[in-house]
Amino acid sequence: MNIMISINRDYIKYACIMLMSLKQHHKGILLSVYILHNELTDEDFMKMDEVIGSEGIELIPVFIPKGTVKDFQIGNWPEEAAYRLLATDLFAGSLDRILHLDVDVLITGDISEFYNTPFDGNYLVACEDFLTDEVRRRKCHDFGKEEDGRFFNSGVLLFNIPKLKEDGYCYALYADILKKYPNINMEYPDQDMLNILFWDKTKYMDRLRYNYASLHYRMEETENLYDSLEELERNCSIIHMIGGTKPWVNISKAAVDELWWEYAARTPFYWDMKIAHVESMLRREQKMNNVIGGKIKEISHGTATNQLLLDVEETLFQILEQKFRMIDRLSEKFQKTSKVN
C-alpha cells in the first residue's frame with residue numbers, strides 16, 4: 001500500500017500517531033509511506049522510525065525544495081498543504097496509485113477496500129466533503145459549477161497516477177490555471193483546484209466510513225450520524241479531525257477526542273502534548289474569566305444592558321456544563337481503572 005503524507009517538523013508527532021494507527025489496522029500489509037517535506041533531517045526520520053517501528057512499514061523521505069508550490073501559498077496555509085498537487089510529477093512511471101492522508105486523521109479500521117477500489121475511468125477516489133447547503137451553493141457559484149455540484153475533501157485522496165500523467169495533469173498545469181484565472185476564490189490551496197478540475201471525474205466512497213469529520217460527532221448532542229462511539233469504531237475506518245476540532249487544540253472533551261488521545265498515549269510524545277493541551281485549556285479559561293470579569297464590572301456599575309446579562313449567564317452556563325462533563329468523564333475513567341486494579 002503506497003501512502004503519501006506532507007509534513008513539517010511541527011507535525012512529526014501527529015504523523016507518528018496517524019501512522020501507528022494505520023499500521024495497527026494493516027498487519028501483514030507492507031506500507032510504503034512517502035513523506036513529502038522541506039526541512040526534516042535524518043535524525044527526524046530515525047526518531048519517527050523508532051516511534052512507529054520499522055516492521056511492516058517503510059518511511060521514504062521525499063525532499064521538496066522551498067518555493068516549489070509558491071503559486072499556492074494562500075493565506076496562512078503552510079506550503080506543505082499543497083504538496084499533494086505534485087503527485088503526478090513525483091510518482092508517474094513508478095506508481096500506479098498512491099493514497100494521500102492528512103496527518104490529522106485517525107485510522108480506526110481496514111482501508112484496503114478504499115485503496116484497492118477500481119478507478120472506473122476516474123482520476124481520483126475521495127469522499128464527499130461535509131458542507132452545509134449554503135457553503136456548497138456558494139462554492140458552486142464561485143467555481144462555475146451546477147448548483148447541485150459535489151465537492152470532495154482532499155484529506156483522504158487516492159490518485160490514479162497513470163491517467164493523470166496521460167492527460168497532462170501535473171503541477172505546472174494547476175499553476176497555469178491559477179495564473180490565467182486569478183479571480184478564482186481559493187480557500188483551500190490544493191482542495192479547491194482539484195475540485196475545480198475533477199469534481200465530476202472522481203469516484204466517491206462512503207464518507208461515514210472513510211473520511212468522517214469529527215466535528216459531526218458529539219455524544220453530548222442529538223444530531224449524531226453514529227448513535228454511539230462504539231458504533232463509530234465498529235463502522236468507521238478513518239476519522240478526520242478537520243478544522244478547529246483537532247484534539248490537541250480542542251477543549252470540548254468530546255468522546256472522539258478521547259479516542260485520539262488513546263492512540264497518542266502509545267507514543268513518547270504523549271505527556272508533553274497532554275501538558276501543553278492542559279496549559280492551553282487553562283490559558284483559554286483565564287482569558288474567558290477576564291472577559292467575564294469585565295462584564296461583571298459593567299453590571300456592578302449599573303451600565304449593563306439586558307442582553308449583556310443574558311450573555312454573561314449563557315457564558316457561565318457553558319463553563320459549568322463543560323466542567324461537569326469533564327468531571328463525569330474523569331470519574332468514569334477512575335472507576336474503570338479501579339475495577340481493573
Side-chain angles (χ1 to χ4, degrees), residues 2-8 34-39 60-103 119-129 131 135-204 211:
N2 300 311
I3 306 296
M4 174 173 63
I5 67 173
S6 306
I7 61 172
N8 56 34
Y34 296 83
I35 303 177
L36 281 54
H37 72 99
N38 65 53
E39 64 177 11
I60 306 168
V62 180
F63 179 75
I64 310 295
K66 278 187 177 292
T68 300
V69 294
K70 62 181 183 300
D71 307 275
F72 289 86
Q73 288 295 117
I74 298 170
N76 295 321
W77 289 96
E79 63 179 286
E80 291 85 3
Y83 282 173
R84 72 203 76 188
L85 295 176
L86 299 168
T88 308
D89 304 74
L90 294 171
F91 304 112
S94 59
L95 301 177
D96 288 335
R97 62 179 63 204
I98 191 165
L99 174 62
H100 190 284
L101 294 173
D102 280 353
V103 296
F119 285 103
D120 297 331
N122 291 289
Y123 293 95
L124 306 169
V125 176
C127 296
E128 190 166 359
D129 209 352
L131 299 176
V135 172
R136 185 180 53 77
R137 284 194 296 268
R138 173 177 59 77
K139 293 184 79 68
C140 283
H141 176 268
D142 289 345
F143 297 161
K145 289 187 181 187
E146 303 167 6
E147 193 170 297
D148 60 348
R150 303 175 80 179
F151 289 88
F152 57 81
N153 180 276
S154 65
V156 180
L157 192 62
L158 185 68
F159 289 87
N160 185 348
I161 300 296
K163 184 169 179 60
L164 287 163
K165 175 65 175 178
E166 180 183 353
D167 294 343
Y169 288 106
C170 59
Y171 179 80
L173 177 65
Y174 307 141
D176 188 53
I177 292 172
L178 198 60
K179 289 172 184 174
K180 287 181 178 178
Y181 303 96
N183 294 325
I184 294 176
N185 182 22
M186 298 282 288
E187 295 178 276
Y188 308 102
D190 69 294
Q191 183 169 296
D192 284 344
M193 176 55 66
L194 293 172
N195 267 285
I196 288 170
L197 293 171
F198 305 123
W199 71 277
D200 59 347
K201 304 177 184 69
T202 293
K203 182 175 183 177
Y204 289 86
N211 195 351

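Within the 3.5 Å criterion, the main-chain N or O of L85 finds no donor-acceptor partner in the side chain of D190.
For the atom pair R97 CZ and L164 CG, the distance stands at 12.0 Å (nearest 0.5 Å). The CD1 atom of I64 sits 4.5 Å away from the CG atom of L36 when rounded to the nearest 0.5 Å. In this structure, CD1 in I35 is found 14.5 Å from CZ in F63, a value given to the nearest 0.5 Å. In this structure, the separation between CG on L158 and NZ on K203 is 10.0 Å, given to the nearest 0.5 Å. Taking CG of N8 as the reference point, atom CD of E39 lies at 5.0 Å (rounded to 0.5 Å). With rounding to the nearest 0.5 angstrom, the CG atom of L157 is 9.5 Å from the CG atom of D102.
Of all heavy-atom pairs spanning Y83 and S6, the tightest one is CB-OG, 3.4 Å. Minimum interatomic distance between P61 and H37 (heavy atoms only, all atoms of both residues): CB-NE2, 4.2 Å. Scanning both residues, H100 and S154, for their nearest heavy atoms gives ND1-O, 4.4 Å.
Taking 4.5 Å as the limit, every side-chain heavy atom of F151 sits out of range of all side-chain heavy atoms of E128. Counting heavy atoms from C-beta on, the side chains of F119 and K163 never come closer than 4.5 Å. A 4.5 Å side-chain heavy-atom check between F159 and R84 finds at least one atom pair inside the cut-off. Looking at heavy atoms from C-beta onward, D192 lies in side-chain contact with K139 at the 4.5 angstrom threshold. Within the 4.5 Å cutoff, the side chain of I196 has no heavy atoms near those of the I177 side chain. Side-chain contact between V156 and L101: present, with at least one pair of heavy atoms (C-beta onward) separated by less than 4.5 Å.
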| request: For side-chain contact (heavy atoms from CB on, under 4.5 Å), just list the numbers for L90 and I98, CA-CA rounded to whole Å, side-chain angles, deciding distance to a tenth of an Å, and then say yes or no. | output: CA-CA 11 Å; L90 294 171; I98 191 165; over 6 Å; no

| request: Dump the intermediate steps for side-chain contact (heavy atoms from CB on, under 4.5 Å) on Q191 and N153, then the final yes or no. | output: CA-CA 7 Å; Q191 183 169 296; N153 180 276; 3.6 Å; yes

| task | Assess whether side chain to side chain donor-acceptor pair (under 3.5 Å) is satisfied between Y171 and D71, documenting all intermediate values. | result | CA-CA 10 Å; Y171 179 80; D71 307 275; 2.7 Å; yes

| task | List the steps, then state whether side-chain contact (heavy atoms from CB on, under 4.5 Å) holds for N160 with N122. | result | CA-CA 7 Å; N160 185 348; N122 291 289; over 6 Å; no

| task | Begin from the C-alpha positions of N38 and E80 and carry the test side chain to side chain donor-acceptor pair (under 3.5 Å) through to its verdict. | result | CA-CA 8 Å; N38 65 53; E80 291 85 3; 3.3 Å; yes

| task | Go through the steps to decide whether C170 and D89 satisfy the test side-chain contact (heavy atoms from CB on, under 4.5 Å), and finish with yes or no. | result | CA-CA 6 Å; C170 59; D89 304 74; 3.7 Å; yes

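No hydrogens or angles considered: nothing links the side chains of Y188 and N195 as a donor-acceptor pair under 3.5 Å.
Just one residue in the list F152, Y169, Y204 forms a ring pair (Phe, Tyr, Trp, His ring centres under 6.0 Å) with F198, and that residue is Y169.
In summary, the aromatic rings of F91 and Y34 are positioned with their centroids under 6.0 Å apart.
No more than 12 heavy atoms of other residues, nucleotides or ligands sit less than 6.0 Å from atom NZ of K165.
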